[in-house]
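Structure first, commentary second.
Below, chains carry the letters A, B, ... as their sequence lines are ordered, and counting in each starts from 1.
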Amino acid sequence: MTEYNPKEIEAKWQKEWERQGLHATPDSIEGKENKYVLVEFAYPSGNLHLGHWYAFSIPDVYARLLRMQGHNVLYPMGFDAFGLPAENAAIKRQLNPRTWTFDNIDYMRRQLRSMGVSFDWSREVITATPEYYKWTQWMFLKFLERGLAYQSETPVNWCPSCKTVLANEQVVNGACERCGTVVEKRNMLQWNLKITDYAERLIDGIEPLDWPKPIKDAQKNWIGKSEGAEVVFLIAGSEASVTVFTTRPDTIFGATYMVLAPEHALVQEFRSKINNWNEVEEYISKARNKTDIDRNAEGKEKTGVELKGLKAVNPATKEEIPVWIADYVLPNYGTGAIMAVPADDERDREFAKTFNLPIVTGYPKAGLEDFGKKVTKYKLRDWVVSRQRYWGCPIPVIHCKACGTVPVPEQDLPVVLPDIEDYLPSNEGKSPLAKASAWVNVACPKCGGEAERETDTLDTFVDSSWYFLRYADPKNTSEFASKEKLKQWLPLDFYSGGAEHTTMHLLYSRFWHKVLFDLGLVNEAEPYIRRMNRSLILGPDGQKMSKSKGNVIDPDKEVERLGSDSVRMYLAFVGPYNEVSAYPWNPDGIVGVRRFLERVWRLNSKLGGENENSTLLHQTIKKVGDEIASMKMNTGVSALMILVNDWEKKEKVSQEEYEILLKLLAPFAPHMTEELWHTLGHQTSIHTETWPKYDESRLQSSEVIIAVQINGKVRATFSASSTIGKAEVVEKATGLPEVQKWVGDKGVKKVIYVPGKLVNLVVS
RNA sequence: GGGCGGGUGGUGAAAUGGUAGACACGCCAGUUUUAGGAACUGGUUCCGCAAGGAGUGGAGGUUCAAGUCCUCUCCCGCCCACCA
């Protein structure tokens, strides 16, 4: 028997599997059920890091188990190829984003193959290819048709470094999620998708899903449903009124003043009646220029200005109350106006104290709808999808002076992203595409007159909202995917990815899917039934890996040192996959896994024994299958180690049982098991074998160890037949000298017997 | 401020209310006619020579029996956050 040489055998089998097309997945196989295992596709950043290995190789173990258990398993991979990060990286290197991205894809594909993951590359999807984004554009037009895509001039988040607008979800603590630059507010004409129309359904749909509770809660929280009432406050001495939203209409008798957002329309409407207009105007312009960071820095210190000369009437008390503007009232939540109840609301109280406004306590409580009508409000905002950047999917719309906004006719799709020289973003908020005049200037599809193409591109999250549908039918040129093929694979059986997508990709794509469902284009309202967030691999120092900290583990080097199978198996072994946790990479820990694989390799020289059909073997078969299915790979691996530890003590091992071990190990270490399998004389792949079956009746050993407790503390153990009865156990237990020592002459008051496990003797 | 997770050896972690610490790393001792470790054997929760005692952040409780269930409390992490 030769030595275990992973480098050699891994390269050999990767090549051979590819040659055989082992992982190409047909749309259906007679007698097999389809299963769709999905991982978030790769972003072509340029290099595979350990996170990719963790993200792809562990679900691969699961996919391989399902295959061996007789399913037709789709496990695809693709590239989320448009977007800011790739474009920024390309600009930094003075490369065209297209060249940069597609070179990265070629390189990463090769790296991915070294993982020995069973991706079906024949179904690869790349969002930046016209074959793909034709359908992104087509779907966008469907949204437009339905009134779910619209343009509006609204204050948006502008990243001055990336020189583009960002969605709310992409702004973290007032800074750009991608580059960390403080985001500014700008008024710009933007394309939006009406995700708010789906707020209620996005909340309702989430309940029955098999998702971890924290993700469900986070999404519900982000959508932020609150039930309350809208109450109309009249402006004294005028016909005008202001509607406020409150979740506590019962406190209306305590409302002693009202506050509007500085941006509220009423302020401008009454500008001539406001006595201190200069002061008010100054406050408004200050509030407008404040970034979210500034606002946070001020903490909870309240600022505001009274609109002097204006009074509102509290509909409950009929009293005239002052009207203020303050930036703690947000323009885009509720109605942009509140009734302030300083006795009951902490923020209102603080504001009232700062400006000496009246606080009344002990007021009567009102009924829910006495003074207003019941309404529901959401924190969720519409999804701003315009990006003033080159590297994205063109928005398929033409602006005509005569006809207005005209959709690009379906037969003209895709609107191909042109190759341009100057792709740098501009400070004015104009897409670089605006400079490609040959591309921009077109005839209006409606009237034939002069018209211009929309030059903004779509947010990358639009591209990734439906990629998993394309895998079902990746070569289709007449539809994004046929409904029949979609039916064969969807909804997904399993979707694994990062927690950072909870309120972004996972929310956007659910929304997208619901719209497609309403359009009759997909068969189900929810795309992902089972979702799992993976945990995180940290550097050896327990810190998040980063180049600046110098704690980055390069998977290529680990593969070179110990082999792909060792890397995969170590990642499986560090801890449960399905937990929001983080595991430090232990360079010695992976060596332990390599040692285990070598032990399995060496067992080969002990072959020739008789079948033992041991309890341990049956228990291991059950355990490994169960643990992989629940993504608790760590305990699955340890079960295999226990079996191997046991066999190592034996003189001989039966070949048939050794082959069972190899099959159990195959999902974790696909290369090594394949090599050993062929060494044993098999001609076909171990990965097409069926998963070993265990015998239920062999799970329980005939010999058991009974623990004897005195008052709940273990004082002795003895072994006995598993069929031993209570009376006999008590007799044996009380006969033991170390038990008698504790019982003494006190006598046994009570006996609890747990069959085959323990007996507890209660003594005085 | 709101929401959600967690606290178990030196480390990663195991434990349907039923022998806490499986499995692995590290460490210690030894073996292999040099060395090395990605080899082998044994040991390794803490205190104690031992008998024994203590022990899953802390304090109570339920139970024959609690890491697991209940009450209170401390600490840590993540997400959202002036959302009316």
Side-chain angles (χ1 to χ4, degrees), chain A residues 4 172-173 212-218 220-222 224-226 228 244-248 251 259 292 295-296 298-303 326-330 332-341 344-348 350-351 377-381 499-500 502-503 536 538 542 561-563 566 570 573-576 579-599 602 632 634-642 644-645 648 705-717 741 749-763:
Chain A
Y4 174 45
V172 178
N173 292 330
K213 193 173 175 292
I215 318 183
K216 288 189 182 184
D217 289 344
K220 280 191 274 188
N221 215 26
W222 181 266
K225 179 177 178 172
S226 13
V244 304
F245 173 65
T246 176
T247 52
R248 295 287 308 277
T251 65
V259 188
D292 288 352
R295 281 182 148 201
N296 274 346
E298 285 165 14
K300 298 221 184 277
E301 232 167 80
K302 297 279 183 294
T303 60
D327 65 5
Y328 84 91
V329 176
L330 307 173
N332 47 8
Y333 181 74
T335 60
I338 61 159
M339 62 176 209
V341 185
D344 263 286
D345 184 284
E346 207 183 304
R347 291 152 307 177
D348 296 346
E350 202 190 322
F351 191 79
K377 298 278 183 193
Y378 302 90
K379 290 195 231 172
L380 187 70
R381 303 287 132 73
E500 70 275 15
T502 300
T503 53
L536 207 66
L538 306 171
R561 184 166 77 103
L562 299 159
S566 293
Y570 174 63
F573 190 53
V574 280
E579 242 158 60
V580 187
S581 182
Y583 308 113
W585 177 270
N586 181 345
D588 294 317
I590 183 170
V591 168
V593 169
R594 165 71 190 255
R595 277 204 283 254
F596 166 72
L597 291 178
E598 290 190 5
R599 281 190 196 117
R602 283 197 301 265
K632 281 162 28 190
N634 54 333
T635 43
V637 173
S638 86
L640 289 167
M641 287 172 167
I642 291 167
V644 169
N645 287 349
E648 274 195 319
I705 299 203
I706 308 273
V708 184
Q709 296 183 335
I710 311 293
N711 292 340
K713 280 196 194 302
V714 178
R715 298 298 179 186
T717 58
K741 185 169 120 192
K749 297 250 167 15
K750 192 174 175 184
V751 176
I752 290 98
Y753 177 52
V754 183
K757 283 227 157 127
L758 66 77
V759 62
N760 189 12
L761 308 177
V762 184
V763 176

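With P as the reference atom, B/U11 and B/A22 are 14 Å apart, rounded to whole Å. Rounded to the nearest Å, the gap between the C1' atom of B/G37 and that of B/U32 is 13 Å. Comparing the P positions of B/A59 and B/A50 gives a spacing of 27 Å, expressed to the nearest Å. The gap from the P atom of B/A24 to that of B/U45 amounts to 15 Å, rounded to the nearest Å. One P atom belongs to B/C27, the other to B/A20, and the distance between them is 29 Å to the nearest Å. Comparing the same atom, C1', in B/G9 and in B/G55 gives a spacing of 11 Å after rounding to whole Å.
When rounded to the nearest whole Å, the span between CG of A/D217 and P of B/G3 equals 11 Å. If you measure from atom OH of A/Y333 to atom P of B/A81, you get 13 Å, rounded to the nearest angstrom. A/L597 places its CG atom 16 Å from the C1' atom of B/A39, with the value rounded to the nearest Å. Here B/G17 presents its C1' atom at 11 Å from CG of A/L758, a figure rounded to the nearest Å.
Using the Watson-Crick or G-U wobble rule with both distances under 3.5 Å, B/G18 pairs with B/C64. Pair assignment for B/A84 gives none, since no Watson-Crick or G-U wobble pairing has each distance under 3.5 Å. Nucleotide B/U31 has B/A39 as its partner under the Watson-Crick or G-U criteria, with both atom distances under 3.5 Å. B/A51 makes up no base pair with any nucleotide shown, lacking Watson-Crick or G-U wobble contacts both under 3.5 Å. Under the Watson-Crick or G-U wobble criterion, with both distances below 3.5 Å, B/C4 is paired with B/G77. Across all strands shown, B/U44 is found opposite B/G26 as a Watson-Crick or G-U wobble partner, with both distances under 3.5 Å. With a 3.5 Å ceiling on both atom-pair distances, the Watson-Crick or G-U wobble partner of B/A59 is B/U71. Partner assigned to B/A13 is none, using Watson-Crick or G-U wobble distances below 3.5 angstrom.
Under the 90° criterion around 0 for the glycosidic angle, B/G9 counts as syn.
For A/K749, the NZ atom is densely surrounded, since the number of other residues' heavy atoms within 6.0 Å is greater than 12.
For A/K302 against B/C82, a side-chain-to-base donor-acceptor contact under 3.5 Å is present. One N or O donor and one acceptor, one from the side chain of A/N760 and one from the base of B/C64, sit under 3.5 Å apart.
Ring-plane geometry between A/Y570 and A/W585 is classed as perpendicular, the angle between the planes exceeding 60 degrees on a 0 to 90 degree scale with a lower cut at 30.
Shortest non-hydrogen contact noted between A/P584 and A/G542 is CB-CA, 4.1 Å. Residues A/S226 and A/T247 approach most closely at CB-CG2, 3.8 Å, considering heavy atoms. Considering every non-hydrogen atom in both A/K632 and A/P576, the closest pair reads CG-CB, 4.2 Å.
Judged by the 6.0 Å and 45° rule, A/K302 forms no cation-pi pair with A/F351.
Here A/R381 lies in heavy-atom contact (under 4.0 Å) with a base. Residue contacts for A/I705: at a heavy-atom cut-off of 4.0 Å it reaches a base atom on one of the strands shown. Base contact: A/I752 has a heavy atom under 4.0 Å from a base atom. A/V574 comes within contact range of the sugar-phosphate backbone alone, with a heavy-atom separation under 4.0 Å but no base atom that close. Across all strands, A/N645 comes closer than 4.0 Å only to sugar-phosphate atoms, never to a base (heavy-atom distances). At a threshold of 4.0 angstrom between heavy atoms, the contacts of A/G224 with the nucleic acid are absent. Residue-level contact check: A/Q709 touches the bases, meaning some heavy atom is under 4.0 Å from a base atom. Using a 4.0 Å heavy-atom cutoff across all strands shown, A/Y583 reaches sugar-phosphate atoms only and no base atom.
Both A/N221 and A/K757 lie close to RNA chain B; mapped to their nearest nucleotides by heavy-atom distance, the more 5′-ward contact belongs to A/N221. Where A/K741 and A/I706 each meet RNA chain B at their nearest nucleotide, the meeting point lying more 5' is that of A/I706.
An OP1 or OP2 oxygen of B/G52 is reached within less than 4.0 angstrom by no side-chain nitrogen or oxygen of A/R715. For A/R561, no side-chain nitrogen or oxygen approaches OP1 or OP2 of B/A38 to under 4.0 Å. Using a 4.0 Å cut-off, some side-chain N or O of A/S226 falls inside it from OP1 or OP2 of B/A84. Taking side-chain N and O atoms only, A/R602 has no distance below 4.0 Å to OP1 or OP2 of B/A39.
Between A/I590 and A/L562, the closest side-chain pair of non-hydrogen atoms falls below 4.5 Å.
Checked by atom type, the side-chain pair A/Y583/A/N634 shows no donor-acceptor distance below 3.5 Å.
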